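Below: the structure, in C-alpha cells.
Bear in mind the structure is a predicted one, so any value in this text is a computation, not a measurement.
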Amino acid sequence: MNSPLSVSSLNAQIKSLLETTFIKVYVEGEVSNLTYHNSGHIYFSVKDSTSTISCVMFRGNAKYLKFQLEVGQKIVITGNITVYAPRGNYQLLCSKIEPSGQGALALAFEQLKNKLEQKGYFNPEIKKQLPKYPKKIALVTSPTGAAIEDMKKVAHHRWPLVEFILIPTLVQGEGSAYDIAQSIKYADTLNCDIMIVGRGGGSIEDLWAFNEEIVANAIYEATTPTISAVGHEIDYLISDFVADMRAATPSNAIEIALPDINEHRIYLDSLANEYINKTKRVLEIKQQNLTNLKSLFEQNSLDSKFSFIESQIKLLKSSFQADISQKIVVANNNLSFLKTSFSNTFEQTISKMQNQVNMLKNSYEQNHPNNKDKKGFVQITKNNKVISLEELKKSDKISLQTPKYIATCTIDDIQKQ
C-alpha cells in the first residue's frame, strides 16, 4: 500500500505540473467579478456558458493595458497558469489582454472618448474663441520633428509678425503623455494668445500619447485657447475633441491660428480705393455745396442787395418819370383843352355881354334921347352894383359910367357940402 501524500505535497505536484504544462495559453471568455485594486492589480474571472476561471493581472502588466476592463466584456487573454499552493487554488496569470474581435487601442479610444464626452469635455459651449490677430503662440511639440519647421515656414509666409515660444516636449514613447501634459500646463502660464499642441504623422502607437486621459485633462483645464494638431487629416485623437479647435496637420494649425497677410494687403488696397473714391465723392459734394453757398452769398451780399435796390430805384425812377411825363402830357392836353374852352367861352361871354350892353345902350338911347348929350350925368357902380354918393366909402373902387364913357377910380376922400 502506497503512503498517502500530504496536502502540501499534492498541491506542490499539481502546481509544478500545471505551471510547466500551461506555460503560455490563450483563453477567450467573458469578464466577470471584476476588481481594480488600489495596489494597481486587477482581479477578475473569465467565463463561458459552462465554466469559470479566476484571473489576475499584476500592476507591472496592468499599466500597459490600453483599455478599461468591463464586466460582460469579451476578451482574449495571453498568460500562464499559476497555483496558489496554500489554498490549492489555481488561476490564470495574465500578461496581455486584448478585446475579442477588436483592437485594444481602438477600444481604449472609444472608452475614453465616451467617458470624457459624459464629463462634458467636448461641449461646444465651453470652447474658447481664437483671437483674430495673435501676437504670441506657444508650440507644445518636439523641437527636432518636421512639424516645427513646417509651422515656422507657413507662419513666415502667412503672418511674420507673430512670436513663437517653443516648449520642447516628448511626443512619442514611454512617459510622453506625462511630458505633454506638463508642457501644456507650463505653456498655459506664459500668457500666450494661442497654444498649439501636436506633432507630425505616424502610426496609431506613435500618436497614442495624445489619446491619454492625462493629456485630455491638461487641455481641458488650460485657460489658453488650444489647437490640437496631431498627425495627418485622417487621424482623430482624443486631444482633437477636447481642444478648442482641431487642425488636420501642424501646418493647418498655423493657417487656422494666423490671418493671411496677403488677404489683408488685398483688403487694405480695396479699403484704400474705397476711401479714395468716397473722399472724391465727398469733395465733389462739398465743392457743389460750396458753389451753392457762394451763389447764395453773392445773391444775399450787401453788394447784391445794393445792386438790387439800385436797380429797383432806377426802375421806380424810370416808372415815375414815365408816369409824370404821361401825367404832364395829359395835364397839358387838359390845360390846352381848358384854355381853348375857356377862350371860346370867354369870347362868347364877352360877345354876349357886349351884345347885351349894346342892346341896353340902344334901349337907353331910344328911351332917353334927350339925355344923350346932357352934361353932369354919371352912374356910380361898385362891384357891378349901382350905388349912390351917400354909400361911398374911402378906398372904395368904383366905376363912373356915362352913356359914352366908363371911368374906374378909387375914392381918396369924401366931403359933404
Side-chain angles (χ1 to χ4, degrees), residues 112 116 119-202 206-231 235-261 264:
L112 182 57
L116 297 180
K119 292 174 68 174
Y121 277 34
F122 308 156
N123 191 345
E125 296 178 358
I126 67 172
K127 302 295 184 182
K128 296 178 283 295
Q129 293 293 324
L130 302 180
K132 192 172 183 178
Y133 299 101
K135 297 179 180 179
K136 186 165 58 175
I137 296 179
L139 301 178
V140 178
T141 189
S142 171
T144 58
I148 184 65
E149 297 301 325
D150 292 340
M151 288 190 285
K152 288 165 61 177
K153 184 183 298 183
V154 174
H156 176 73
H157 290 92
R158 190 172 182 84
W159 195 258
L161 304 176
V162 70
E163 174 188 356
F164 286 117
I165 298 179
L166 175 62
I167 314 298
T169 306
L170 182 65
V171 294
Q172 180 178 334
E174 186 175 356
S176 59
Y178 175 81
D179 196 44
I180 293 170
Q182 294 303 310
S183 295
I184 291 172
K185 293 178 181 179
Y186 172 69
D188 196 39
T189 66
L190 300 179
N191 196 30
C192 292
D193 300 302
I194 295 175
M195 182 195 314
I196 297 177
V197 179
R199 55 155 292 163
D206 294 337
L207 306 179
W208 190 257
F210 294 92
N211 282 327
E212 296 287 357
E213 187 171 3
I214 187 174
V215 174
N217 289 334
I219 294 175
Y220 178 78
E221 294 168 0
T223 59
T224 306
T226 305
I227 301 176
S228 174
V230 184
D235 298 318
Y236 276 82
L237 289 301
I238 293 296
S239 61
D240 294 336
F241 296 99
V242 182
D244 300 300
M245 182 71 69
R246 175 192 180 263
T249 63
S251 297
N252 180 238
I254 297 298
E255 294 174 350
I256 293 173
L258 298 179
D260 188 347
I261 194 170
H264 281 70

More than 12 heavy atoms of other residues, nucleotides or ligands under 6.0 Å from OH of Tyr178: yes or no? no

Taking atom CZ of Phe241 as the centre, report whether more than 12 heavy atoms of other residues, nucleotides or ligands fall under 6.0 Å from it. yes

So, for Pro134 and Pro259, which heavy atoms are closest and what is the spacing to 0.1 Å? CD-CD, 4.2 Å

Partner set under salt bridge (charged side-chain N to carboxylate O under 4.0 Å, His left out) for Lys185, not counting sequence neighbours: none

Qualifying residues under side chain to side chain contact (heavy atoms under 4.5 Å, CB included), relative to Glu221, sequence neighbours excluded: Asn217

Residues that Ser251 engages under side chain to side chain donor-acceptor pair (under 3.5 Å), provided they are two or more places apart: none

Got a sec, which residues hit side chain to side chain donor-acceptor pair (under 3.5 Å) with Trp208, two or more places apart in sequence or on another chain? Glu212

Can you name the residues that form a side chain to side chain contact (heavy atoms under 4.5 Å, CB included) with Asn123, not counting sequence neighbours? Glu125, Ile126

Show which side-chain atoms of residues 143-152 pair as donor or acceptor with protein atoms under 3.5 Å away, not counting sequence neighbours.
unit_1, atom_1, unit_2, atom_2, d
Thr144, OG1, Ser142, OG, 3.2

Test: salt bridge (Lys or Arg N to Asp or Glu O under 4.0 Å). Region: residues 130-148. Which pairs qualify, not counting sequence neighbours? none

Can you tell me how far CG of Leu258 sits from NE2 of His157, rounded to the nearest 0.5 angstrom? 13.5 Å

Take atom NZ of Lys153 as the centre, draw a 6.0 Å sphere, and report whether it contains more than 12 heavy atoms from other residues, nucleotides or ligands. no

Taking all non-hydrogen atoms of both residues, which atom of Ala138 and which atom of Cys192 are closest, and how far apart? CB-SG, 3.8 Å

If you look at every heavy atom in Lys127 and Phe122, which pair is closest and at what distance? CE-O, 3.9 Å

Ring pair (Phe, Tyr, Trp, His ring centres under 6.0 Å) partners of residues 125-153, not counting sequence neighbours, each pair once: Tyr133-Trp159, Tyr133-His264

Between the CD1 atom in Ile254 and the NE2 atom in His156, the distance rounded to the nearest 0.5 Å is 13.5 Å

Look up atom CD1 in Ile184 and atom CG in Asp179, then write down how far apart they are to the nearest 0.5 Å. 10.0 Å

Residues at least two apart in sequence or cross-chain that pass side chain to side chain donor-acceptor pair (under 3.5 Å) with Ser228, listed by chain then number, are Ser239, Asp240

Those residues that, when tested against Asp188, pass salt bridge (charged side-chain N to carboxylate O under 4.0 Å, His left out) (two or more places apart): none

Given side chains that start at C-beta, do those of Thr141 and Ile196 come closer than 4.5 Å, heavy atoms only? no

Ile227 and Ala243 have their tightest heavy-atom pair at C-CB, 4.3 Å

For Lys128, enumerate each residue passing the side chain to side chain donor-acceptor pair (under 3.5 Å) test, keeping only those at least two apart in sequence or located in another chain. Asp244

Can you name the closest pair of heavy atoms from Ala209 and Ile180 and give their distance? CB-CD1, 3.8 Å

Please report, to 0.1 Å, the donor-acceptor pairs under 3.5 Å made by any side chain of residues 160-173, with sequence neighbours excluded.
unit_1, atom_1, unit_2, atom_2, d
Thr169, OG1, Ile167, O, 2.7
Thr169, OG1, Ser183, OG, 2.8
Gln172, OE1, Arg199, NH1, 2.9
Gln172, NE2, Asp206, OD1, 2.9

I'd like to check Leu116 versus Leu112 (side-chain heavy atoms, cut-off strictly below 4.5 Å). Are they in contact? yes

In this structure, CG of Asn211 is separated from CD1 of Ile238 (nearest 0.5 Å) by 5.5 Å

Considering non-hydrogen atoms only, spot the tightest contact between Thr224 and Ile194 and give its length. CG2-C, 3.8 Å

